[in-house]
Amino acid sequence: MEKQIINTTAAPAPIGPYNQAVCVGNLLFVSGQIPLDAATGTLVESGIQDETEKVMENLAAILKEAGMDFSNVVKSSIFLTDMNQFAAVNEIYGKYFTENAPARECVQVAALPKFVRVEISVIAAQ
């Protein structure tokens, strides 16, 4: 199967040897997004809810570039550096999945790129 690389300037450029997303068949694999502002290149660090909102906006931009939206998401992975922030992250995350929420896991990790507090990746299907 041929893979199609998906990248958009509406989301942060990759900070390593990877792409924002790869589409194979009807599946879209979106790389983990952190609260990095694509326009300025700066991190959003004004609180976990603002940070989560920026992560979700970045995911939305990549999904849009692929002709999809959050209704296409079938799986998500949330990585937090502090599980005590789960409720605040879940509140923002939940605004994007009002019907038919995807399968998901949420795990606490020791550290994330650029030492952010939240990273989210998704898999979507058409």
Shortest non-hydrogen contact between [X] and [Y], atoms and distance:
| X | Y | result |
| --- | --- | --- |
| Glu119 | Leu112 | OE1-CD2, 3.4 Å |
| Lys114 | Ile34 | CD-CD1, 4.2 Å |
| Ala38 | Ala11 | CB-C, 3.4 Å |
| Pro35 | Val118 | CD-O, 3.5 Å |

Apply the test side-chain contact (heavy atoms from CB on, under 4.5 Å) to residues Ile6 and Val22: give CA-CA distance (whole Å), side-chain angles for both, the deciding distance (0.1 Å), then the verdict. CA-CA 6 Å; Ile6 306 293; Val22 176; over 6 Å; no

Considering only residues two or more places apart or on different chains, which pairs with a residue in residues 29-39 satisfy side chain to side chain donor-acceptor pair (under 3.5 Å)?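 Output for this query lists Asp37-Thr40.
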
State the [atom1]-[atom2] distance between [X] and [Y], to the nearest 0.5 angstrom.
| X | Y | atom1 | atom2 | answer |
| --- | --- | --- | --- | --- |
| Leu80 | Ile120 | CG | CD1 | 8.0 Å |
| Ile92 | Glu53 | CD1 | CD | 5.5 Å |
| Thr52 | Asn90 | OG1 | CG | 9.5 Å |

Cation-pi check, Arg104 onto Phe97 ring (under 6.0 Å, within 45° of axis):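 Pair Arg104/Phe97 does not count as cation-pi.
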
Flag the pair Arg117 and Glu45 as a salt bridge only when some basic side-chain nitrogen lies within less than 4.0 angstrom of an acidic carboxylate oxygen.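 Judged by the 4.0 Å cut-off on N to carboxylate O distance, Arg117 and Glu45 do not form a salt bridge.
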
What residues form a side-chain hydrogen bond (donor to acceptor under 3.5 Å, both in side chains) with Glu2, not counting sequence neighbours?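 side-chain hydrogen bond (donor to acceptor under 3.5 Å, both in side chains) list for Glu2, sorted by chain: empty.
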
Cluster overlap [X] with [Y], hydrophobic side-chain contacts below 4.5 Å:
| X | Y | answer |
| --- | --- | --- |
| Ile48 | Phe86 | yes |
| Val73 | Ile123 | no |
| Met83 | Val55 | yes |

Ignoring hydrogens and angles, tell me if any N or O in the side chain of [X] forms a donor-acceptor pair with the backbone of [Y] under 3.5 Å.
| X | Y | answer |
| --- | --- | --- |
| Gln20 | Thr8 | yes |
| Asn58 | Leu36 | yes |
| Glu105 | Ile78 | no |
| Glu51 | Gly47 | yes |
| Asn19 | Ala21 | no |

Might you work through the side-chain contact (heavy atoms from CB on, under 4.5 Å) test for Ser76 and Tyr93, ending with a clear yes or no? CA-CA 10 Å; Ser76 65; Tyr93 173 93; 2.6 Å; yes

CA sep, side-chain torsions, deciding dist, call: Leu28, Leu63, side-chain contact (heavy atoms from CB on, under 4.5 Å): CA-CA 8 Å; Leu28 179 71; Leu63 288 166; 3.9 Å; yes

What do the steps show when you test Met56 against Phe70 for side-chain contact (heavy atoms from CB on, under 4.5 Å), and what is the final call? CA-CA 10 Å; Met56 298 305 287; Phe70 286 105; 3.6 Å; yes

